[in-house]
Amino acid sequence: MGGNSNVKLIDDNGIRIDGRRVDELRNLKIEAGVLKRADGSAYVELGKNKVLAAVYGPRECHPRHMQNPAKAIIQCKYNMIAFSVGDRKRPGPDRRSVEISKIISEAFEYVVFTENYPRTSIDIYIEVLQANAGTRCAGLTAASVALADAGIPMKDLVPSVAVGKVNDQVVLDLQKEEDNFGQADVPMAMIPRTGEVLLLQMDGHLTRVQFDRAMELAVPALHQIYAAQKDALARRYAVEQSDEPEDPATSEPQEG
Ligand code: CDP
């Protein structure tokens with residue numbers, strides 16, 4: 001968050017540098033079930049962000065001392081691959097990816113019916129292939145579809161988007177330049193069915209009035225993302241039905 005409001009990011013007609021209005025989401029594409037080996041998976045493009053999520057489990061939790069006899073634990077690993085950002089990203093975990101993994105795990109602990117699967121682990125892998133600000137939101141959106149694709153019972157799907165402030169105006173879904181030179185970045189996630197806020201982070205400052213405006217922009221956008229998540233799952237299962245005679249598990253080349 002540069003906080004440099006001298007950089008002009010919105011023109012006099014209210015148009016942002018990528019041509020969007022302040023209340024406009026970037027192009028969103030969601031595909032469910034893109035990986036064969038994972039129990040559930042999804043691919044999300046949000047503008048120039050490209051994110052893959054894979055879910056394994058519920059499976060026996062190792063090491064065993066981490067097992068919870070009352071419920072499943074959720075372990076998310078968010079990772080940016082080396083070529084996902086402008087400068088080569090040094091491989092391996094850093095403070096930022098540890099933080100993002102933690103907040104995403106905690107968000108899903110609240111929506112997944114973890115008490116149905118004691119002693120197990122539900123593992124979520126988020127790989128950022130290309131980053132352009134908002135990757136934690138794209139990752140959460142993808143992970144939620146991957147969990148549903150894995151057949152894991154949850155209260156609801158979880159759409160996520162960031163709202164921010166640039167040139168003293170509240171705008172939806174910051175892209176990279178707006179994130180770099182803007183004054184605030186507020187990623188959020190919601191349970192659409194109940195309206196509960198599952199994630200809310202704030203880098204920078206908003207006044208109370210600006211925060212209300214941020215919610216005003218975020219809520220319809222979250223519902224739009226939610227519709228796209230449901231549509232991706234519907235398409236995934238429509239394909240599966242028409243493919244029924246050919247079971248992917250048996251159509252693979254046999255060894256020996
Ligand atoms: O991606 P998100 O907005 O959730 O997280 P952030 O920490 O606010 O990062 C904003 C953006 O900075 C990322 O999406 C990347 O485009 C960029 N970034 C980078 O270029 N190199 C890093 N090591 C980390 C982030």
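Everything quoted here is computed from the prediction, not taken from an experiment. Only this structure's heavy atoms are used, side chains among them; waters, hydrogens and symmetry mates stay out. Both ligands and their constituent atoms are indexed starting at 1 by order of listing.
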If you look only at pairs with a residue in residues 85-94, which of them pass as a salt bridge (charged side-chain N to carboxylate O under 4.0 Å, His left out), with sequence neighbours excluded?
-> Lys89-Asp94

Of all heavy-atom pairs linking Ala142 and Val44, the shortest is CB-CG2, 3.5 Å

Which atom of Cys76 lies closest to which atom of Ser101, heavy atoms considered | O-CB, 3.1 Å

Name all residues meeting the salt bridge (charged side-chain N to carboxylate O under 4.0 Å, His left out) criterion together with Asp123; count only those two or more places apart in sequence or in a different chain, and write none if there are none.
-> Arg59

Got a sec, which pairs hit side-chain hydrogen bond (donor to acceptor under 3.5 Å, both in side chains) with one end in residues 43-55, sequence neighbours left out?
-> Tyr43-Glu45

Which of these, Val112, Thr114, Asn116, Asp39, sits in a side chain to side chain contact (heavy atoms under 4.5 Å, CB included) with Ile152?
-> Val112

Residues lining ligand 1 [heavy-atom distance under 4.0 Å, listed by chain and residue number] = Met80, Val85, Arg96, Ala131, Asn132, Ala133, Gly134, Thr135, Arg136, Lys176, Asp179, Asp185

